[in-house]
Amino acid sequence: MQAPSIGGVMLPRGKGEVIRLSRGASLTDFAEKINANPASLVQVMFNLGEMVTATQSVSDETLQLLGDEMNYTVQIVSPEEEDRELLESFDIEFGENEGGEEELVSRPPVVTVMGHVDHGKTRLLDAIRKTNVIEGEAGGITQHIGAYQVSIDVNDEERRITFIDTPGHEAFTAMRARGAKSTDIAILVVAANDGVMPQTIEALNHAKAADVPIVVAVNKIDVEGADPTKVRGQLTEFGLVAEEYGGDTMFVDISARQGTNIESLLEAVVLTADAALDLRANPRQDAQGIAIEAHLDRGRGAVATVLVQRGTLRVGDTMVVGDAHGRVRAMLDDSGRTLAEAGPSTPVLVQGLTNVPGAGDNFLVVSDDRTARQIAEKRAARERNAAFAKRTRRVSLETLDTVLKAGEVQQLNLIIKGDASGSVEALESSLLQLDVGDGVDLRVLHRGVGAVTETDIDLASGSDAIVIGFNVRAEGRATQAAEREGVDVRYYSVIYQAIEEIEAALKGLLKPEFEEVELGTAEIREVFRSSKLGNIAGVLIRSGEVRRNTKARLVRDGKVVAENLTIEGLRRFKDDVTEIREGFEGGINLGNFNDIKVDDVIATYEMREKPRV
């Protein structure tokens with residue numbers, strides 16, 4: 001029996017079967033699933049108006065389009081599912097089997113501090129760990145993701161709390177989005193003098209979406225105009241009802257500057273954890289967890305701050321962190337002390353990785369170096385395919401000529417280098433979310449950790465890209481290479497400044513938009529005949545002003561009878577003038593257009609460039 005024809009191509013047609021494909025799969029991957037020739041699928045996509053090669057990573061939408069055309073149900077495997085399937089192929093379980101009830105022990109709660117800018121998040125963290133983290137931070141903004149532990153006595157028992165120090169709720173959400181449940185409790189900081197602000201609500205929504213308990217720290221109670229009661233009332237509207245009002249949310253009035261009630265806040269965190277959560281983990285299994293931050297250290301190579309979520313991490317263990325792997329050469333705690341092992345909810349700085357992983361990447365300990373390398377390589381290949389698919393511009397046959405014409409589609413290419421993977425990821429995420437219209441596209445060609453190198457400059461030169469250095473500078477001969485090649489290298493230490501400048505650059509690439517602005521209207525009172533100039537309208541300016549050489553339209557009985565006219569002549573009595581204002585009379589000549597009558601209205605206007613907001 002002959003296979004049915006799809007768009008003129010002979011292919012086996014499906015019957016609604018489900019095909020599971022990973023992000024960034026190619027037509028070759030699709031063809032293998034249905035036992036077809038990849039070249040035939042290329043032809044099908046061409047008939048559908050898509051130009052795709054057989055080995056090119058394509059977007060989820062393209063795979064769905066092909067599946068619909070061939071009567072297959074395409075199911076895109078999520079990153080978490082892909083990772084689970086990858087680990088299952090190595091007989092590794094991640095984050096599922098904690099062992100028996102008798103093997104579980106209590107672990108410290110993991111806490112993230114969130115809230116509006118300038119409400120005292122960094123100063124609160126400073127007060128908690130008794131070190132000044134504001135010094136050295138540009139603009140008082142926390143740029144890196146770190147983690148540390150503190151101790152508090154609750155009911156004569158020493159309890160530990162792990163704090164994750166993030167640059168804001170964007171990083172918090174990005175880590176959540178990766179499926180890494182890193183935070184147990186969120187502390188929402190609200191200034192008693194300001195009350196609930198836009199970013200407070202945003203942070204609250206992030207915490208609710210993550211389904212974590214919230215403890216509210218009402219800060220700046222020592223400032224003039226502080227009103228903690230008002231804050232409680234405002235947050236009631238958003239579903240956070242204080243315990244004293246009959247709710248279940250603990251509110252603590254604090255002053256981070258003076259160190260007031262800090263211990264009460266820590267105690268509230270412990271009590272909330274005990275009441276709302278069952279925080280236990282198995283310390284006897286191989287360690288698993290999440291990378292909080294990672295960067296390239298000049299003396300120690302690639303280092304990563306990891307949070308152990310279950311099991312115990314030991315020096316000498318072979319670990320995989322995202323697409324990086326290596327043997328743990330040394331571990332340091334938040335005070336810089338060397339550790340031999342780290343149990344559940346313990347943050348440690350790990351040395352010995354082959355490259356810098358991403359913030360939010362999962363880590364796990366495996367049996368040998370070979371397994372670690374294979375898992376890391378497969379993860380890297382998967383991420384690379386997904387990235388290629390994301391960057392692919394969808395080009396249809398109808399728009400191909402338009403796209404290829406210079407200037408029709410404009411693109412700003414970027415290369416981002418930073419001192420830490422969390423900063424680079426947060427910056428890239430923020431830039432890709434910029435919305436400046438359809439006419440301009442932003443593309444991140446490369447991102448990495450470390451100084452700007454000659455290789456970065458070569459890539460930028462070949463692709464007309466701008467290099468962004470975030471808390472890093474150019475090294476070696478990269479500066480001379482940039483000057484020689486004319487590559488624009490921009491350095492930033494504050495994330496918001498980088499975002500604003502790139503947004504301005506994108507808007508500068510946009511073609512200007514014009515809007516019509518009415519200048520004035522003139523009512524024709526009399527029509528004069530001139531053998532030299534044709535008909536001249538004797539007018540009274542009813543509104544605004546009429547200027548020479550501006551555009552005009554003629555309105556008769558409320559209807560436009562002529563468009564795109566020009567005020568070619570403008571006279572007052574015997575003098576030529578450039579403008580006549582409201583309430584004055586004058587003469588108007590519309591050039592070759594002579595169909596004018598008494599009581600007609602001449603409306604003048606000009607096209608002005610519309611400012612982009």
CG of Asn355 to CG of Leu296, rounded to nearest 0.5 Å, is 9.5 Å
Are side-chain heavy atoms of Val315 and Thr338 found at a separation under 4.5 Å? no
Which heavy-atom pair separates Ala186 from Val212 by the least distance, and what is that distance? CB-CG2, 4.0 Å
Quick check against the 3.5 Å criterion: does Ser421 have a side-chain atom that pairs as donor or acceptor with the backbone of Ala294? yes
What's the spacing between His295 NE2 and Asn471 CG if we round to 0.5 Å? 12.0 Å
Nearest heavy-atom pair of Val444 and Arg447: which atoms, and what distance? CG1-CB, 4.4 Å
Would you say Arg300 and Leu332 make side-chain contact, with heavy atoms under 4.5 Å? yes
Please confirm whether the backbone N or O of Leu279 pairs with a side-chain atom of Arg107, one donor and one acceptor, at under 3.5 Å? no
Given the rule in the ring pair (Phe, Tyr, Trp, His ring centres under 6.0 Å) test, do Phe163 and Tyr148 qualify, once you have shown the distances and angles that lead to the verdict? CA-CA 5 Å; Phe163 281 89; Tyr148 59 94; 5.7 Å; yes
Using modelled atom types and a 3.5 Å cut-off, is there a donor and acceptor pairing between side-chain atoms of Asp126 and backbone atoms of Thr122? no
Out of curiosity, Leu364 CG to Ile290 CD1, how far, rounded to the nearest 0.5 Å? 13.0 Å
Could you check Val350 against Leu313 for side chain to side chain contact (heavy atoms under 4.5 Å, CB included), going step by step and ending with a plain yes or no? CA-CA 10 Å; Val350 173; Leu313 183 64; 4.0 Å; yes
Could you check whether atom CZ of Arg314 has more than 12 heavy atoms from other residues, nucleotides or ligands sitting under 6.0 Å from it? yes
Could you walk me through whether Glu425 and Ser429 pass the side chain to side chain donor-acceptor pair (under 3.5 Å) test, one step at a time? CA-CA 6 Å; Glu425 187 171 313; Ser429 174; over 6 Å; no
When every non-hydrogen atom of Ala380 is compared with those of Asp323, the smallest separation belongs to CB-CB, 3.7 Å
Main-chain N/O of Gly115 paired to Lys121 side chain as donor or acceptor, under 3.5 Å: yes
Counting N and O atoms only, with roles assigned by atom type, does the side chain of His446 sit under 3.5 Å from a partner on the main chain of Ile415, one being a donor and the other an acceptor? no
Are any non-hydrogen side-chain atoms of Gln149 and Thr346 less than 4.5 angstrom apart? yes
Of all the heavy-atom pairs spanning Ala256 and Ala127, show the shortest one and how long it is. O-CB, 3.7 Å
Would a 4.5 Å heavy-atom cut-off, applied to side chains only, mark Val320 and Thr371 as touching? no
Measuring from atom CG of Leu353 to atom CZ of Arg329, what distance do you get when rounded to the nearest 0.5 angstrom? 9.0 Å
Can you tell me if Lys417 uses its side chain to pair, donor with acceptor, with the backbone of Gly448 under 3.5 Å? no
Any donor and acceptor pair, going by atom type alone, linking the side chain of Gln351 with main-chain N or O of Ala330 inside 3.5 Å? no
Is there side-chain contact between Thr354 and His325, with at least one heavy-atom pair below 4.5 Å? yes
Do any N or O atoms from the side chain of Asp317 and from the backbone of Met319 form a donor-acceptor pair under 3.5 angstrom? no
Do the non-hydrogen side-chain atoms of Val308 and Phe363 ever get within less than 4.5 Å of each other? yes
So how far is it from Ser151 OG to Ile161 CD1, rounded to the nearest 0.5 Å? 8.5 Å
From the list Val190, Ile254, Asp194, side-chain contact (heavy atoms from CB on, under 4.5 Å) with Asn219 holds only for Ile254
Should Ser26 and Gln56 count as side-chain neighbours, where that means a heavy-atom distance under 4.5 Å? no
Please step through side chain to side chain contact (heavy atoms under 4.5 Å, CB included) for the pair Thr318 and Val365, ending with a clear verdict. CA-CA 6 Å; Thr318 299; Val365 169; 5.8 Å; no
Contact summary for Gln309 and Gly289, nearest pair of heavy atoms: OE1-CA, 3.4 Å
Start with the C-alpha gap between Ile375 and Leu87, add the side-chain angles, then the distance that decides, and say whether side chain to side chain contact (heavy atoms under 4.5 Å, CB included) holds. CA-CA 8 Å; Ile375 294 173; Leu87 296 178; 4.0 Å; yes
What closest approach, in Å, do Pro108 and Thr162 show between heavy atoms, and which atom pair accounts for it? CB-OG1, 4.2 Å
Under the side-chain contact (heavy atoms from CB on, under 4.5 Å) test against Val150, which residue among Ile262, Val111, Val269, Ile128 passes? Ile128
Quick one: CG on Leu21 to CG on Leu63, what's the gap to the nearest 0.5 Å? 5.5 Å
Pairs satisfying side chain to side chain donor-acceptor pair (under 3.5 Å), at least one member in residues 477-487, at least two apart: Ser461-Glu485
Donor-acceptor under 3.5 Å (Asp419 side chain, Val472 main chain): no
The test is side chain to side chain contact (heavy atoms under 4.5 Å, CB included); show your working for Val189 and Thr200 and say whether it passes. CA-CA 8 Å; Val189 180; Thr200 311; over 6 Å; no
Pair Asp456-Thr453, side-chain donor/acceptor within less than 3.5 Å: yes
Are the side chains of Ile495 and Phe470 in contact, using a 4.5 Å heavy-atom criterion? yes
